[in-house]
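Heads up, the thing below is written out as structure tokens.
All values derive from a computational prediction rather than experimental measurement. The first residue in the sequence is number 1, and the count goes up from there.
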Amino acid sequence: QVHLVESGGGSVQSGGSLRLSCAASGYTYSSYCMGWFRQPPGKKREGVAAIDRDGRTNYLDSVKGRFTISQDHAKNTLYLQMNSLKPEDTAMYYCAADLQGPGYCPTGLRAYEYNYWGQGTQVTVSS
């Protein structure tokens with residue numbers, strides 16, 4: 001059974017940093033497109049970052065240069081390093097996996113590209 005479990009969220013001040021983790025189990029981790037999404041209160045879910053089986057990445061324009069997606073295949077874990085956080089980054093953050101594709105992300109930033117989701121971890125950035 002596939003499980004994605006996020007952790008690392010919290011409350012920080014503007015300009016601070018957080019590192020989110022997504023522990024994956026129930027499948028061969030290294031073979032698929034993985035992504036991070038976020039959903040601010042009252043708004044739609046949006047793709048933040050994605051990484052494919054070869055380590056190629058894609059980012060939402062507003063986080064480029066501030067966020068870094070990475071993965072540790074040995075630990076079956078996906079990460080999102082978030083630096084220079086802004087109040088507009090406040091959201092519930094979710095990791096997602098596309099376990100039906102060949103491991104390459106068409107964009108990696110669209111929710112319909114994924115078929116498994118974690119429960120989310122809250123990130124709150126105060127000004």
### Task
Would you list the pairs meeting disulfide (SG to SG under 2.5 Å) in which at least one residue belongs to residues 90-127, sequence neighbours left out?
Cys22-Cys95, Cys33-Cys105
### Query
Is atom CD of Gln100 surrounded by more than 12 heavy atoms (other residues, nucleotides or ligands) closer than 6.0 Å?
no
## Note on the structure
When rounded to the nearest 0.5 Å, the distance separating OH of Tyr104 from CG of Asp98 is 13.0 Å
### Query
Does the side chain of Gln81 pick up a donor-acceptor pair with the side chain of Ser70 at under 3.5 Å?
no
### Message
Before we go on, tell me: are the rings of Tyr93 and Phe37 under 6.0 Å apart, centre to centre?
### Response
no
### Query
When rounded to the nearest 0.5 angstrom, what distance separates CZ in Arg56 from CD1 in Ile51?
10.5 Å
### Nearest-0.5 Å distance, CD of residue Gln122 to CD of residue Gln39
10.5 Å
### Query
In chain order, what residues pass the side chain to side chain donor-acceptor pair (under 3.5 Å) check against Arg19, with sequence neighbours excluded?
none
#### Entry: Gap between atom CG of Leu85 and atom OG of Ser14 - 0.5 Å precision
8.0 Å
### Query
Taking all atoms of both residues into account, what is the closest heavy-atom pair of Gln71 and Asp52, and its distance?
NE2-O, 3.3 Å
### Task
Report the relative orientation of the aromatic rings in Tyr94 and Trp117; use parallel for angles under 30°, tilted for 30 to 60°, perpendicular for over 60°.
perpendicular
### Query
Does one side chain, of Ser17 or Asn83, offer a donor that lies under 3.5 Å from an acceptor on the other?
yes
### Query
Is the closest basic N to carboxylate O distance between Asp89 and Lys86 below 4.0 Å?
no
### Task
Identify the heavy atoms of Ala97 and Met34 that sit nearest to each other, and give their distance.
CB-SD, 3.4 Å
### Message
Counting only heavy atoms not in Lys75 (residues, nucleotides, ligands), do more than 12 fall under 6.0 Å from its NZ?
### Response
no
### Task
Determine the minimum heavy-atom distance between Leu109 and Val48, stating which atoms define it.
CD2-C, 3.8 Å
